[in-house]
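Inspection log for the structure reproduced underneath, given as structure tokens.
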Protein chains: 2
Amino acid sequence: MNTTPKLRTYSISDLAKEFDVTTRTIRFYEQQGLLNPARQGQTRIYSPKDRVRLMLTLRGKRLGFSLAESKELFDMYDSTTEGDEKQLLYMLNILEKKQADMRQQLRDIQRLQEELNNAEERCRDALSKVRVGKRQKQKTG
Amino acid sequence: MNTTPKLRTYSISDLAKEFDVTTRTIRFYEQQGLLNPARQGQTRIYSPKDRVRLMLTLRGKRLGFSLAESKELFDMYDSTTEGDEKQLLYMLNILEKKQADMRQQLRDIQRLQEELNNAEERCRDALSKVRVGKRQKQKTG
DNA sequence: ATTTTCCTTTACGTAAACGTCAACCTTGAT
DNA sequence: ATCAAGGTTGACGTTTACGTAAAGGAAAAT
């Protein structure tokens with residue numbers, strides 16, 4: 001039975017275009033241990049798994065994760081099957097911390113959204129006043 | 001009529017303690033134009049407004065805003081009253097972009113929360129299996 | 001009086017996350 | 001054959017957000 005069906009592959013520039021990053025960035029992520037592309041000669045060949053990792057890494061970045069943090073999560077996740085008790089408890093600990101971070105961020109975002117709405121309203125008010133002023137000027141001038 | 005009631009003030013270390021940052025950080029933020037403390041001789045005296053700005057700056061950081069971005073938002077907000085039409089439209093533009101950012105972050109966070117939950121579950125499973133294994137060993141050993 | 005305790009400025013150092021060459025394959029198209 | 005397009009490895013440069021002394025003033029506690 002064939003347990004490893006041949007999956008899609010991607011070139012470095014494929015991924016660069018898809019995620020709007022430079023190839024330099026992708027090679028840097030590999031150097032930092034976040035990606036593990038196969039090689040065809042010298043050339044890097046990326047699997048769907050690499051692609052997902054890149055995606056997760058970039059999302060992590062948007063959420064303020066350092067590359068090292070993302071790598072730690074990847075490594076931990078990969079070793080869940082072989083991890084010993086201590087490792088697993090450590091991982092649960094980290095996961096709980098990340099969840100707490102995310103809860104905090106949710107609060108932060110919600111507050112900021114309110115404030116942005118307020119600022120927008122205030123801004124629209126100021127704008128309509130400016131425009132009324134302009135009309136008055138036209139009339140009198 | 002006294003339109004400027006004397007409000008609470010804070011020393012630099014007051015704020016440093018409250019927000020768990022170093023005084024170096026606070027001085028740096030001033031240098032970058034984010035804070036504008038009064039002076040008593042050489043010593044900096046922080047107003048509630050400064051305190052709020054520090055708070056907002058730090059929250060911005062947690063959400064991935066650079067100091068320059070936060071400063072831009074502060075400056076814009078301060079000038080809403082005097083801003084001309086062009087300025088105001090520009091500001092609305094920026095605000096809409098930030099809102100879009102925040103919507104994206106919300107999605108990011110929700111996905112990550114799901115994945116963290118999955119990872120946690122997987123981790124607990126692995127943990128219980130490890131523990132069962134231990135018990136079996138005790139019995140047989 | 002002198003020693004802490006805060007505060008100040010100035011200035012150089014640093015880690016993270018890439019950007020930006022340079023110098024070099026290789027491979028398909030003209 | 002050559003040449004443009006895309007790939008590779010160094011290696012040094014850059015920005016952001018501070019850290020870390022160094023050197024000193026001023027006030028409060030002993």
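FYI, side chains are in, hydrogens and waters are out, and symmetry mates aren't considered; it's all heavy atoms of this structure.
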Query raised in the report: Counting side-chain heavy atoms from CB outward, which of C:dT8, C:dT20, C:dC7 is closest to B:R39?
Result: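 Closest nucleotide among those given: C:dT8.
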Query - Of the listed nucleotides D:dT8, D:dG6, D:dC18, the one nearest the side chain of A:Q42 - result: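 So the nucleotide nearest the side chain must be D:dT8.
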Requested in this report: Have a look at B:T23 and say if it touches a base, only the backbone sugar-phosphate, or nothing, with a 4.0 Å heavy-atom cut-off.
Outcome: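 Answer is nothing: B:T23 stays at 4.0 Å or more from every strand.
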Query - Heavy-atom side-chain contact between A:Q99 and B:N117 under 4.5 Å - result: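 Yes - at least one pair of side-chain heavy atoms lies under 4.5 Å apart.
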Tell me the interatomic distance from [X], atom [atom1], to [N], atom [atom2], rounded to whole angstroms.
X: B:Q32; N: D:dT15; atom1: CD; atom2: P; value: 13 Å
X: B:R24; N: C:dC12; atom1: CZ; atom2: C1'; value: 11 Å
X: A:L54; N: C:dC18; atom1: CG; atom2: P; value: 11 Å
X: A:I45; N: C:dT26; atom1: CD1; atom2: P; value: 15 Å
X: B:Y46; N: C:dC6; atom1: OH; atom2: C1'; value: 13 Å
X: B:F28; N: C:dT14; atom1: CZ; atom2: P; value: 17 Å

Report yes if at least one side-chain N or O of [X] is closer than 4.0 Å to OP1 or OP2 of [N]; otherwise report no.
X: A:K61; N: C:dA16; answer: no
X: A:Y29; N: C:dA17; answer: no
X: B:T22; N: D:dG19; answer: yes
X: A:S11; N: D:dG6; answer: no
X: B:T25; N: D:dG19; answer: yes
X: B:T43; N: C:dC6; answer: no

Report task. Report the residue (A:L67 or B:I12) whose heavy-atom-nearest nucleotide on DNA chain C is the more 5′ of the two. Result ->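 So the residue in question is B:I12.
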Query raised in the report: In terms of side-chain heavy atoms, does B:Q110 have a donor or acceptor partner in B:R107 at a distance below 3.5 Å?
Result: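 Side-chain D/A pair, B:Q110 to B:R107: absent.
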Query raised in the report: Distance only, no hydrogens: is a donor on one side chain within 3.5 Å (strictly under) of an acceptor on the other, for A:Q87 and A:E82?
Result: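 No.
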Query raised in the report: Hey, quick one: are B:I94 and B:M102 part of the same hydrophobic cluster, counting side-chain heavy atoms closer than 4.5 Å, chains of contacts allowed?
Result: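 Yes, B:I94 connects to B:M102 through the hydrophobic network.
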Query - Electrostatic pair B:D125:B:K129 at N-O distance under 4.0 angstrom - result: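 Salt bridge: no.
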Query raised in the report: Any N or O donor-acceptor pair linking the side chain of A:R27 to the base of D:dT8 at under 3.5 Å?
Result: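 No pair found.
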